[in-house]
Structure formats: C-alpha cells, structure tokens
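Keep in mind it's a predicted model, so treat the numbers as computed, not measured.
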Amino acid sequence: MMAGWEIDRFWKSLLRRFGGRDVSSRDEYGAKKSLGTLDVVVDFLERHSIDPNPTNYELVYRQQISHESGLDLIVDKLIVNGRVEGPLPKNQEAVFESGLSEIADFAHTQLKAIELIVGQSKQDAKGFGDALQQETASVNDNTLDPKFIGSLLSMTRTMINKTRAAEEKLKSREKVVNELQHSLADAKSRADTDALTGLSNRRAFERELGAACERAELGKVELSLAICDIDHFKSINDNYGHVTGDRVLQLVGEILRENCDAYGQVFRFGGEEFVILCEGYTANDTEMFVEASRLDLVSRKIVKKETKQNLEKLSFSTGICEYKHAGSAEALLKLADKSLYKAKANGRNLTLIAGNS
C-alpha cells in the first residue's frame, strides 16, 4: 500500500478540478511568489509535511485559496497533529448561497399568490360593475323598485365580503413577504460578514472593490486601498495559543474600525490581513487613518486573559495605493500588496505608499 508523497501524483490528478488560476503565496523569507491554484495547495502540504489525502487537500484549498473564515484554527491543528479530527465544517458560503436561493424561490411563490389575489379582486370588481350597470339600465329613474334595491344591496354585500376577504389574504401575504425581506437581509449580512471579527469579509470586499473602481474610473471620486498585515502573527499563535491569536485578530479589527470606519470600509481579507477601501480620499489621507490605527495598536498593553501574561508589543505593516496610479482593481491590489511586502522587508511596523521611496 502506497503512503505519503508516493501517492502525490494520484491526488494531484484528482485536485486538477480546482482549476489553475494564478494566486499568490510566500516563500520561507516572506517574499511573494506566483503559483497555480494546485501548486499553492501542494506547496503548503509539502512545507508542513502533511499527508496529501483528499480531506487535507480540501481543507488547505478552502483555507488558502477560498479564504473561508473559521478554518484557520483547524489548519493550525493539522500542521501540529498531521491530521484533521472529525469531519470538515460545511462550506458556509455554499450554505448561504443555498439559503438565499431558497428564500428567493419562496418569495417568488408568495408574489405569484399576491398577483392571483389582486387579479381575482379586479375580476370581482369588474363583475360587480357589470351587474350594477345591467340592473340600473332596466330601472326607471323615477321609480324606486324594492326588488331593484334588494338586488343592489345583495350585490353590494357580496362585493364588500369579497373585498374584505381579499384584504385579509393580502395582509397575510404582506406579513410573509416582510419576514422574507428580513430573512434575506440577515442571510446576505451573514454571507458577507467574517464570523470572528464581525467585519465584512473578502466576498463583500471583492464586490465593493469592483463598484468603487468603476466610480473612480468615471472620475467621480478619489479611491485608495490599504492592505494591513499583522506582524509576526504566526509566532503569536505559536507562543500564546490560537485562542489568543483569535483575540488579537478581533482587537486589530476593532482598532481599524474605530479609526477608519468614518473614512472607509474595513474588511477582513483573510488570515491576518485586513483591507481598507477609502472612497473620496487620497493615499496620503488614507495613510493618516492607518497610522492612527497602527499607533493605537502599538500603544496597547496586551495581557493574556487566562494567565495574565504580558504579550509582546503588537504591530502591523501596511501598503497603500491610489487608484489613479493603478488604473484597475487588479493593479490596485497588486501595487498595495507590493508596498506591504516592502514595509515587511524594511523592518515591519511601517506604512508605505506605492510609488513613494
């Protein structure tokens, strides 16, 4: 029976279905390198001596490529233990997509029912009008025929009852539709929110980035992008544990939100990276917001909750780029990322703007 990397070729062939788009990875010195999707997964497994079985491939793919939230701790345990304990959690993005689809289908059913009620009400009103016209045509204006009056009252009562019944049906459907709207808004919010930090996630960022770049392209607004990466985050997990690492991520997210939310949108990009999309602001403006956050974090005295142990000083590095120097969403991300890694290479705990020396 083959084991380990002797069966690597077999598993690689199975994983070809994941596609071959280029993504970024880092070498052991932190430098960025371009790899195909499959190569990133294989590279990760090789570097950490992880058995290349289907479960491990799927987990690493979902964490490294799809950037699903909530998988970081599982991957860290995989690195330490060499195996995954229990089944993998469901793909939340797929769950949300399925939920949204079900809500949309149910909403369509309710709207069709409302359409039928309204159509029936129109038909009833027309029937009432036709019957009333027919009755009045046969009555002399100067004659108050009791038979006519009785017929008129009967038709009026029938129409009133039908109208009330239709109104009740519409009220009932309106309540269902309102509940659907709330469910849809909640599902959309959960699909766009990072569970750990409460910030908008990468899915939401990619959508907002495209729209913001379109506005910037039309010359309507300035646009700047900042990518922030927590310095030495792996050592935080290694030295203090993953629970503490999660609290650090929450703290950094909170600080960025407090200092930058008034000027732009803050997202958790994945892992220890955050992005800030600042519409209406130049790169120099964005640098001020980010620097306020960086200095805020550096000034904090962080204590491990369980042991009261003081943590080493926390910091993050940032790369910033302005849209007018990029010209596309892809270039904007690439140039901001390049500045980020230049900040890392220059000692970390720095903020650098693309194009500035």
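When hydrophobic clusters are built by joining Ile, Leu, Val, Met, Phe, Trp and Tyr residues whose side-chain heavy atoms come closer than 4.5 Å, directly or via intermediates, V252 is grouped together with Y240. L277 and V221 are assigned to two separate hydrophobic clusters, defined by single-linkage of ILVMFWY side chains at heavy-atom distances under 4.5 Å. In this structure, F267 is a member of the same hydrophobic cluster as Y323, with clusters built from ILVMFWY side-chain heavy atoms closer than 4.5 Å. L297 and L196 fall within the same hydrophobic cluster, defined by Ile, Leu, Val, Met, Phe, Trp and Tyr side-chain heavy atoms under 4.5 Å apart, directly or through other members. Cluster annotation: L223 and V275 are assigned to the same hydrophobic cluster (Ile/Leu/Val/Met/Phe/Trp/Tyr, side-chain heavy-atom contacts under 4.5 Å, transitive).
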- Can you check side chain to side chain donor-acceptor pair (under 3.5 Å) on S317 and D229, steps first, answer last? CA-CA 5 Å; S317 302; D229 186 284; over 6 Å; no
- Message: Show, in sequence, the C-alpha distance, side-chain angles and deciding distance for E312 and I302, and conclude whether the side-chain contact (heavy atoms from CB on, under 4.5 Å) test is met.
- Response: CA-CA 8 Å; E312 58 197 72; I302 314 297; over 6 Å; no
- Could you check L333 against F205 for side-chain contact (heavy atoms from CB on, under 4.5 Å), going step by step and ending with a plain yes or no? CA-CA 12 Å; L333 275 166; F205 166 70; 4.0 Å; yes
- Between C321 and L225, is a side-chain contact (heavy atoms from CB on, under 4.5 Å) present by the stated rule, with each step listed? CA-CA 5 Å; C321 184; L225 173 72; 5.5 Å; no
- Message: Working note: I353 + T286, criterion side-chain contact (heavy atoms from CB on, under 4.5 Å); need CA distance, chi angles, decisive distance, verdict.
- Response: CA-CA 10 Å; I353 299 175; T286 302; over 6 Å; no
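S224 places a side-chain N or O within 3.5 Å of a backbone atom of Y281 that can act as its donor or acceptor partner. Listed for the E272 side chain is no donor-acceptor partner under 3.5 Å among the backbone atoms of L249. Listed for the S339 side chain is a donor-acceptor partner under 3.5 Å among the backbone atoms of A354.
Note that the OG1 atom of T193 and the CZ atom of R203 stand 10.5 Å from one another [nearest 0.5 Å]. To the nearest 0.5 Å, atoms CG (D76) and NE2 (H242) are separated by 4.0 Å. A distance of 8.5 Å separates CG of N201 from CZ of R207, quoted to the nearest 0.5 Å. Separating the CG atom in D194 from the CZ atom in R268 is a distance of 4.5 Å, to the nearest 0.5 Å. Note that the CG atom of D246 and the CG atom of L251 stand 12.5 Å from one another [nearest 0.5 Å]. The CG atom of L256 sits 5.0 Å away from atom SG of C228, with the distance rounded to the nearest 0.5 Å.
Within the 4.5 Å cutoff, the side chain of F289 has no heavy atoms near those of the V266 side chain. With contacts defined as side-chain heavy-atom distances shorter than 4.5 Å, the pair L314/I236 qualifies. The side-chain heavy atoms of I227 and F269, taken from C-beta on, include no pair separated by under 4.5 Å. N349 has its side chain out of reach of K313: every pair of non-hydrogen atoms, C-beta onward, lies at least 4.5 Å apart. Counting heavy atoms from C-beta outward, I276 and I320 have side chains that stay 4.5 Å or more apart. Inter-residue side-chain proximity for L209 and L332 is flagged as met; some heavy-atom pair is nearer than 4.5 Å. For the pair V290/F316, a side-chain contact is recorded, criterion being any heavy-atom separation below 4.5 Å from C-beta on. Side-chain atoms of E208 and S200, non-hydrogen and from C-beta on, never get closer than 4.5 Å to each other.
Counting heavy-atom neighbours within 6.0 Å of E330 CD, excluding the residue itself, gives a total of 12 or less. Residue Y263 qualifies as open at atom OH: its count of foreign heavy atoms under 6.0 Å is 12 or below.
Using a 4.0 Å cut-off between charged side-chain N and carboxylate O, E291 and R294 make a salt bridge.
For the pair N259 and S293, the tightest heavy-atom approach, listed with the atom from each and the gap, is CB-OG, 3.0 Å.
Inspection of the S235 and D238 side chains reveals no N or O donor paired with an N or O acceptor under 3.5 Å.
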